[in-house]
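The analysis underlying the following values was restricted to heavy atoms, covering all of them including side chains, and did not include hydrogens, waters or symmetry mates. Every value quoted in this text rests on a predicted model; they were computed, and no experiment measured them. Letters go in sequence order (proteins before strands), and every chain restarts at 1.
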Amino acid sequence: ETGVTQSPTHLIKTRGQQVTLRCSSQSGHNTVSWYQQALGQGPQFIFQYYREEENGRGNFPPRFSGLQFPNYSSELNVNALELDDSALYLCASSLDPIDYGYTFGSGTRLTVV
Amino acid sequence: AQSVTQLGSHVSVSEGALVLLRCNYSSSVPPYLFWYVQYPNQGLQLLLKYTSAATLVKGINGFEAEFKKSETSFHLTKPSAHMSDAAEYFCAVRSDSSYKLIFGSGTRLLVRP
């Protein structure tokens, strides 16, 4: 197992810009979820992908979008960044939707100024 | 709708003392419940999970949790705290409408020498 790797670890963007965050899941993990963790809060579910298709979405606007690739990597894209988008973004992967033991990455700390 | 409440945003114990972190859940269906730990500037690490098997669940690092349906609780305990246990702890429940995890707001555990 290689774990879940996220890049970059830190990022500073200006309001209105677009950002792409990347995640490399564990080999064989065909389910990936993204979470947003604001400072001092628990993670909030953004969306989940299973076999390259979105199969669940949280209460986030359409400017939050994602992709999952056949090589177990995925992306989170955020358009028209707002100051409130500043947070730690976590990627989590799982071998199977029935297996709830998600493996989390260390996250990307996004700061919007 | 499912939800998780963690009582106490901060818990302070002495090294060697009992650790008790409280979690109450709300769920219309039998829940899947989790405890995660987050060290500074890191992602989430799974401590243990309850998936309707034994009500007393043992996890890593000496932690365990007991599922009590009558009290809708899933409190995390450890008999003897170590300095290395100082971290943020999150309780989570699996959503009944998708595979997303719903997290509590977290409890920061402080361990005094």
S.K.: Can you see which heavy atom on G43(B) is nearest to which on L90(A), and at what distance?
M.R.: CA-CD2, 4.0 Å
S.K.: Under 6.0 Å from the CZ atom of R15(A), do we count more than 12 heavy atoms belonging to anything else shown?
M.R.: no
S.K.: Please check if the number of heavy atoms outside N71(A) that lie under 6.0 Å from its CG is greater than 12.
M.R.: yes
S.K.: One pair to check against side chain to side chain contact (heavy atoms under 4.5 Å, CB included): Y102(A) and F34(B). What are the steps and the verdict?
M.R.: CA-CA 10 Å; Y102(A) 286 91; F34(B) 307 81; 6.0 Å; no
S.K.: Measure Q37(A) against the heavy atoms of chain B and call it side chain, backbone, both or neither at under 4.5 Å.
M.R.: side chain
S.K.: Check whether more than 12 heavy atoms from other residues, nucleotides or ligands sit under 6.0 Å from atom CG of L39(A), and answer yes or no.
M.R.: no
S.K.: For G42(A) and F90(B), which heavy atoms make the closest approach, and how far apart are they?
M.R.: CA-CE2, 3.4 Å
S.K.: Does CG in L18(B) sit with more than 12 non-hydrogen atoms of other residues, nucleotides or ligands closer than 6.0 Å?
M.R.: yes
S.K.: Under the side chain to side chain contact (heavy atoms under 4.5 Å, CB included) rule, what do L101(B) and Y35(A) come out as? Steps first, then yes or no, please.
M.R.: CA-CA 9 Å; L101(B) 296 175; Y35(A) 288 79; 3.3 Å; yes
S.K.: Given a strict heavy-atom distance threshold of 4.5 Å, which part of Q38(B) is in contact with chain A: side chain, backbone, both, or neither?
M.R.: side chain
S.K.: In the single-linkage hydrophobic clustering (I, L, V, M, F, W, Y; side-chain heavy atoms under 4.5 Å), do L47(B) and F67(B) co-cluster?
M.R.: yes
